[in-house]
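Notes to accompany the following structure.
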Amino acid sequence: MSKVVKGSALIDDYGGVTFTPYDSNPAENTPWTVLARDLNGKLQCSKNKINLVITFNRPATVQDAIALLQRQSASLVSELVKVSVQRRYEKVAQK
């Protein structure tokens, strides 16, 4: 059975190594588990890391960018208080 090594390397049953761009790697090969998602971002974790991704159109001022980032990050981080999200978080640590 093939397995993913660090990054985008995939080793097949015969020892061959295939490198794929990160964005095209199949979902089952990703180490990330999505904890929360909304229109502009997602909060995900692996066994050793937490990743917060927020994407939106660039606002006119820095103050607007700060406000959007704070609101969006607070919204995603607040999902961590949900019991179902905490279970997923703990399950990833046991892998």
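Hydrogens, waters and symmetry mates play no part in the numbers below; they use all other heavy atoms, side chains included. Computed from a prediction, not measured in an experiment: that's the story for all the values here.
What you find for L52 and S73 is that their closest heavy atoms are CD2-CB, 3.7 Å. When all heavy atoms of S78 and V81 are compared, the pair lying nearest together is O-CG2, 3.1 Å. Nearest heavy-atom pair, L43 versus L76, reported as atom, atom and distance to 0.1 Å: CD2-O, 3.7 Å. Summarising the geometry of R88 relative to L35, their closest heavy-atom pair is NH1-O, 3.0 Å, with the distance given to 0.1 Å. Taking both residues in full, the closest heavy atoms of Y89 and C45 are given as CD1-SG, 4.0 Å, listed atom of the first, atom of the second, then distance.
Put simply, CZ on R71 and CD1 on I54 are 11.0 Å apart, with the number rounded to the nearest 0.5 Å. Here W32 contributes atom CH2 and K42 contributes atom NZ; the two are 9.5 Å apart, rounded to the nearest 0.5 Å. Summarising the geometry, atom NZ belonging to K49 is positioned 13.5 Å from atom CD belonging to Q44; distances are rounded to the nearest 0.5 Å. For the atom pair CG (L80) and CD (Q86), the distance works out to 7.5 Å, reported to the nearest 0.5 Å. With rounding to the nearest 0.5 Å, the separation of CG in D64 from CG in N57 is 12.5 Å.
Residues P59 and L68 meet the side-chain proximity criterion, which asks for heavy atoms closer than 4.5 Å. Looking at heavy atoms from C-beta onward, F56 lies out of side-chain contact with L39 at the 4.5 angstrom threshold.
Using a 4.5 Å cut-off between side-chain heavy atoms of Ile, Leu, Val, Met, Phe, Trp and Tyr, with links allowed through other members, V53 and V34 fall into different hydrophobic clusters.
Using a 4.0 Å cut-off between charged side-chain N and carboxylate O, K82 and E79 make a salt bridge.
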